[in-house]
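All values below were derived from every heavy atom in this structure, side-chain atoms included, with hydrogens, water molecules and symmetry-related copies excluded.
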Amino acid sequence: MPDADEADDEEEMPLSLRLSIADTLTLGNATCGFMAVYFTTTGILIPHLQGSQETGMARHSAATAVILMLCAAVFDLFDGLVARKLRSSPMGAELDNLSDLISFGLAPAYFVLVYGMVADDAHQRVAAVGAIVVLLAVVLRLARFSCVTVKDGTFQGMPSPFGALTVVSIVLLELPFVATLLAILGTAWLMVSRVEYPKPRGRLAVAMLSWIVLSMGLLAAWAFDAPSGQLLLQTGCALQLVMGAVIPLFATARRVNNFRDNRREARAAQLP
């Protein structure tokens, strides 16, 4: 007869199916992304199709959807930090990619699609093409992230959470349709490009978390029609776009400086 301990070992859940704390945070990321799609549909798209003229509800729903994407970014930030401090399950990386696809691929792409249907100067079919480009850019980026090894401390291409928030910031700026579409396509290109972005660690992680909290406050002020709420939101969205363009410039400048320093050291080593 087998020992009781051996029987218990056989009945234990396989290691690959056990969820870690980091995996739970990752599932929170996926939940926020799905709920962002829900609020975009029920609060913006359906009232528009029904001919509702209530702009306040649409504003509240748009703010809620973007805040949920911001919450997904917080979950994504902390699941990586927790996974490095504690153990991570064997399926952690797969869960992270699938959750990111929902929150930072599907949700912002759907936000762009709905924008093309409800905005006065938008073209629905062209906006649908832009939404597909955003979704495919995130798909390609996540697939490349799983296959390509880059030097520690950097991402190759704009990280998908940063890209998603940049895309929705472009929409919320309410620029002319052509400018909005070009900016969205430019963001999608940055996500699949080889431009380097630093990973949010240490002080950069704190700065990113502070920026997310500030963005939530700006969205809440806009949703509840606070004084200067529209101006504050547009300022925050503009800063998001500026950061998306400036951060890789700093990274590129640092690479150029490092290259020059290495050349100087090599020349100095060759001198007698």
What about M35 and L98, same hydrophobic cluster or not, with Ile/Leu/Val/Met/Phe/Trp/Tyr joined at side-chain heavy-atom distances under 4.5 Å?
no
Side-chain heavy atoms of I184 within contact of V171, under 4.5 Å:
yes
So, taking the atom named CD1 in I212 and the one named SG in C71, what distance separates them when rounded to the nearest 0.5 Å?
9.0 Å
Determine, step by step, whether N29 and D100 satisfy the side-chain hydrogen bond (donor to acceptor under 3.5 Å, both in side chains) criterion, reporting the C-alpha distance in whole Å, the side-chain angles of both residues, the deciding distance to 0.1 Å, and the verdict.
CA-CA 7 Å; N29 172 4; D100 286 355; 2.9 Å; yes
Check: residues 213-238 side-chain donor-acceptor pairs under 3.5 Å, at least two apart:
from	atom 1	to	atom 2	distance (Å)
S215	OG	W211	O	2.8
W222	NE1	Q230	OE1	2.7
T235	OG1	L231	O	2.8

Any chance you could measure F162, atom CZ, to M208, atom CE, to the nearest 0.5 Å?
8.0 Å
Within a 6.0 Å radius of atom CZ on F177, are there more than 12 heavy atoms belonging to other residues, nucleotides or ligands?
yes
Determine whether a donor-acceptor pair (N or O, by modelled atom type, separation under 3.5 Å) exists between the side chain of H123 and the backbone of G116.
no
Looking at OG1 of T26 and CG of D79, how far apart are the two atoms once the value is rounded to the nearest 0.5 Å?
3.5 Å
With heavy-atom distances below 4.5 Å as the criterion, would you say the side chains of I44 and F39 are in contact?
no
Is there a path of hydrophobic side-chain contacts, each under 4.5 Å between heavy atoms, that joins V206 and L165?
no
If Ile, Leu, Val, Met, Phe, Trp and Tyr residues are connected whenever their side-chain heavy atoms lie under 4.5 Å apart, and connections chain through other members, are I102 and V37 in the same group?
no
For T180 and L175, indicate whether the former's side chain and the latter's backbone hold a donor-acceptor pair under 3.5 Å.
yes
Would you check if L49 and L45 make a side-chain contact, meaning some heavy-atom pair closer than 4.5 Å?
yes
With a 4.5 Å cut-off on side-chain heavy atoms, are M158 and T187 touching?
yes
Just by distance, do the side chain of Y115 and the backbone of Y110 share a donor-acceptor pair under 3.5 Å?
no
With hydrophobic residues grouped by side-chain heavy-atom distances under 4.5 Å, do V167 and F104 end up in a single group?
no
With heavy-atom distances below 4.5 Å as the criterion, would you say the side chains of M69 and F111 are in contact?
yes
Apart from V178 itself, members of its ILVMFWY cluster (side-chain separation under 4.5 Å) are L182
Does a side-chain heavy-atom distance below 4.5 Å link Q156 with R144?
yes
With the side chain counted from C-beta on, respond yes when R125 and V129 share a heavy-atom pair under 4.5 Å apart, and no when they do not.
no
Do V112 and I170 have side-chain heavy atoms sitting under 4.5 Å apart?
no
Take D76 and D96 through the side-chain contact (heavy atoms from CB on, under 4.5 Å) test and state the conclusion after the steps.
CA-CA 8 Å; D76 186 62; D96 190 56; 3.2 Å; yes
Within the side chain of R141, is there an N or O that forms a donor-acceptor pair under 3.5 Å with the backbone of L190?
no
Between T40 and A65 the two heavy atoms that sit nearest each other are OG1-CB, 3.4 Å
Could you grab the distance from atom NE2 of H48 to atom OG1 of T41, nearest 0.5 Å is fine?
13.5 Å
Side-chain donor/acceptor of T166 to backbone N/O of L241, under 3.5 Å:
no
Start with the C-alpha gap between F34 and L106, add the side-chain angles, then the distance that decides, and say whether side-chain contact (heavy atoms from CB on, under 4.5 Å) holds.
CA-CA 9 Å; F34 173 78; L106 175 63; over 6 Å; no
Would you name the heavy atoms of A188 and V133 that are closest together and state the gap between them?
CB-CG1, 3.7 Å
Using every non-hydrogen atom in the two residues, find where A107 and S103 come nearest and quote the distance to one decimal.
CB-O, 3.4 Å
Starting from V192 and following side-chain heavy-atom contacts under 4.5 Å between hydrophobic residues (I, L, V, M, F, W, Y), which residues can be reached?
L140
So if you build clusters from Ile, Leu, Val, Met, Phe, Trp, Tyr with side-chain heavy-atom gaps below 4.5 Å, do V134 and L173 land together?
yes
